[in-house]
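Below: one structure, written as structure tokens.
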Amino acid sequence: MANAQDHPFQLTNTLSRKKEPFIPLNPPHVGLYVCGPTVYSDVHLGNVRSFLTFDVLVRWLRHIGYTVRYVRNITDVGHLVGDEDAGEDKIAKRARLEQLEPMEIVQKYTNGFHDVMRLFNILPPSIEPTATGHLIEQIDMIERIMANGYAYEVNGSVYFDVPKYAEKHAYGELSGRKIDELVANTRGTEGQDEKRSPLDFALWKKAEKGHLMHWPSPWGEGFPGWHLECSAMSTKYLGQTFDIHGGGMDLKFPHHECEIAQSVAADGHAPVRYWMHGNMLTVNGRKMAKSEGNGFTPEELISGNHKLLERGYSAMTVRFFMLQCHYASTLDFSNAAMQAAEKGLQRLMAANEVLKGFTAKTPSAPSSAAEGFDVEALANACHAAMNDDLNTPVMIAQLFEGVRAINGAKAGTVALSQADIDTLRKLYDAMLFAVLGLREEAGTKQDEGLDAGLMDVLLGLRADAKNRKDFATSDLIRDKLAALGITVKDTKEGVVWERS
RNA sequence: GGUCGCGUGGCCGAGUGGCUAGGCACAGCUCUGCAAAAGCUGCUACUGCGGUUCGAAUCCGCACGCGACCUCCA
């Protein structure tokens, strides 16, 4: 767009805690890495929010002309369930519970994850690497770290030496932590006596007897540490330093902090130029989390079959609901908010239909009092909002300003030129579908074969009744249809119906 | 306990020190056989107390309330 130079894309870098102009390393290419799911259970709505945030980022970067290589991993090596069950990983535990091979668990929940992503119209990444597919790279990285003296081996396990690293580097810079405080606040360390410091973290864990997932390594049979895969895979596909790394707020510490340490220790470079963290989805003010048990799955959301849900909501309603909040703010889920979002989305999409339906001529003879509308200013405002740290709520607010103009043009109170209409069409098409990633939902369209035919019959009968001024009959038909969830509207252009 | 963040109208949520988003709900009007939709109009808020400033929701301090992270989590 015209003033991309004047208003470059600004992104909050959680490393500096400031909004910074986004300048990629090798324009027009952008390297983006996002931490993906651990595939040991169903994804819930909180997970969806995070992936949605980065989906909008990718869509926007591409919209303003960048070529994005988007890498989002699948964590398919289980990691420790908790202190008590040290030795058993989440995937192995699940495999035992469901009596499946660990890789069946991985495949099952990977498939489920992909289904959910499609449901919410979240674009697939360019590369979706798996931890188990990159053991060679991970082992190689451990060797580089050891060669540089930042890791040590104990009984077939390898640990990262955090105090050693902190002598020369800023461990804790991302999450704002200080080494002394971390040491002072460390919780129980039993079962971790192999570590020299409680802050040290595993790069490689020796597999105990009976452990299902393990691979050979220079240190014996074992499996990689949780933080390592992201470092190894981002380095492989995006280079030792790349543009943007994203993930949920809850991954900042220790996960992302460890990633920085691993990369610096292995290759001597800070891996990431811009760190980006999405905030949490909350329910009644508390974080939605697997461990809190307050999450619901997308299936439950759509069916409404969950005690927190008054009724079901469509995937696009949820998407729109989330986009009406800035990604860096917490967002609280509530039925009232969902219903408000649903109405708003309907109005927005309906206005887009009105816009598409305008004929070549001016939509409706504007009255002499019709006001003009600055379409250019609207387009610029949308662009500026997105460039301002992906401010989707402000961008959506602008689209609603446009809705008034579109509906006003139809009503004859706003004058739009053909050029205005063309600009608006392009703008709405781009913002609604390409950038916000909304899509028309099935079931609201009027041209669906049998349904459409049946409706034509009923509405034909109703029109006859109306012509005879038999309003009792015409209203009866409308009321009965309303009871079935179909709204009939008599507009100037004719009768329209839609499912609610 | 440590670190970080938040507290905006009936609800959800933006907000760069002055021009006081937007959505939903609500009320009135227009259109309409009625309804729906749409348009117009109305509804002016920033947890509390101090301070800085000509001027603060926005900056600073204190208090209260809430949350996140510190342990697997997006």
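Values in this document were obtained by computation on a predicted structure and should not be read as measured data. Order of the sequence lines sets the chain letters (A, B, ...), proteins ahead of strands, with each chain counted from 1.
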[N] pairs with which nucleotide, Watson-Crick or G-U wobble, both distances below 3.5 Å?
N      : value
B:rA68 : B:rU3
B:rC31 : none
B:rG22 : B:rC12
B:rA57 : none

Margin query: So that I know where these two stand, are A:H214 and A:F223 an aromatic pair - ring centroids less than 6.0 Å apart?
Written below: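 They do not qualify: ring centres at least 6.0 Å apart.
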
Notebook entry, point to check: Are A:Y274 and A:F242 near enough that their ring centres are under 6.0 Å apart?
Noted result: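 Ring centroids of A:Y274 and A:F242 are no less than 6.0 Å from each other.
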
Next item on the list: Report yes or no: does A:T392 contribute a side-chain atom to a donor-acceptor pair with the main-chain N or O of A:L323 at less than 3.5 Å?
Entry: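 Yes; at least one donor-acceptor contact below 3.5 Å.
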
Notebook entry, point to check: Is the backbone N or O of A:V162 less than 3.5 Å from a side-chain atom of A:D200, with the two atoms forming a donor-acceptor pair by type?
Noted result: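 Side chain of A:D200 to backbone of A:V162, a donor-acceptor pair under 3.5 Å: yes, one is there.
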
Check: Do A:N73 and A:E128 come close enough that some side-chain heavy atom pair is under 4.5 Å?
Finding: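 No. Closest side-chain heavy atoms not under 4.5 Å.
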
Check: Just how far, in rounded Å, is C1' of B:rC69 from CD of A:E173?
Finding: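 Checked: the CD to C1' distance equals 17 Å.
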
Notebook entry, point to check: When the distance from CD1 of A:I396 to C1' of B:rG15 is rounded to whole Å, what number comes out?
Noted result: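 Rounding to the nearest Å, CD1 of A:I396 and C1' of B:rG15 are 16 Å apart.
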
Output yes when at least one side-chain N/O atom of [X] is less than 4.0 Å from OP1 or OP2 of [N], else no.
X      : N      : answer
A:S329 : B:rA14 : yes
A:K343 : B:rA25 : yes
A:R347 : B:rG39 : yes
A:K290 : B:rA74 : yes
A:R478 : B:rA35 : no
A:R404 : B:rC40 : yes
A:K287 : B:rC69 : yes
A:N407 : B:rA38 : no
A:N391 : B:rA14 : no

Euclidean distance for [atom1], [N] against [M] (whole angstrom):
N      : M      : atom1 : value
B:rA45 : B:rG22 : P     : 16 Å
B:rU3  : B:rU8  : C1'   : 26 Å
B:rC31 : B:rU41 : C1'   : 15 Å
B:rU53 : B:rC60 : P     : 16 Å
B:rC26 : B:rA21 : P     : 22 Å

Check: Within the modelled atom types, does a donor on one side and an acceptor on the other bring the side chain of A:D332 and the base of B:rC12 under 3.5 Å apart?
Finding: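 Not at all, since no donor on one side and acceptor on the other fall under 3.5 Å apart.
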
Note to self: Under 4.0 Å, heavy atoms only, any strand: does A:H44 hit a base, just the sugar-phosphate, or nothing?
What the structure shows: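 It contacts base atoms.
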
Next item on the list: Name the nucleic acid region contacted by A:Q339, choosing base, sugar-phosphate or nothing; use a 4.0 angstrom heavy-atom cut-off, strictly under.
Entry: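 A:Q339: no heavy atom of the nucleic acid under 4.0 Å.
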
Check: What are the two closest heavy atoms between A:R347 and A:V403, and how far apart are they?
Finding: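 Heavy-atom minimum between the residues: NH1-CG1, 3.7 Å.
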
Notebook entry, point to check: Toward the 5' end of RNA chain B, which comes first, A:A337 or A:M249, by nearest nucleotide?
Noted result: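 Its nearest nucleotide being more 5', the pick is A:A337.
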
Next item on the list: Check whether the aromatic ring of A:F400 stacks on the base of B:rG23, taking stacking as ring centres less than 5.5 Å apart and planes within 30° of each other.
Entry: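 Base of B:rG23: not stacked against A:F400.
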
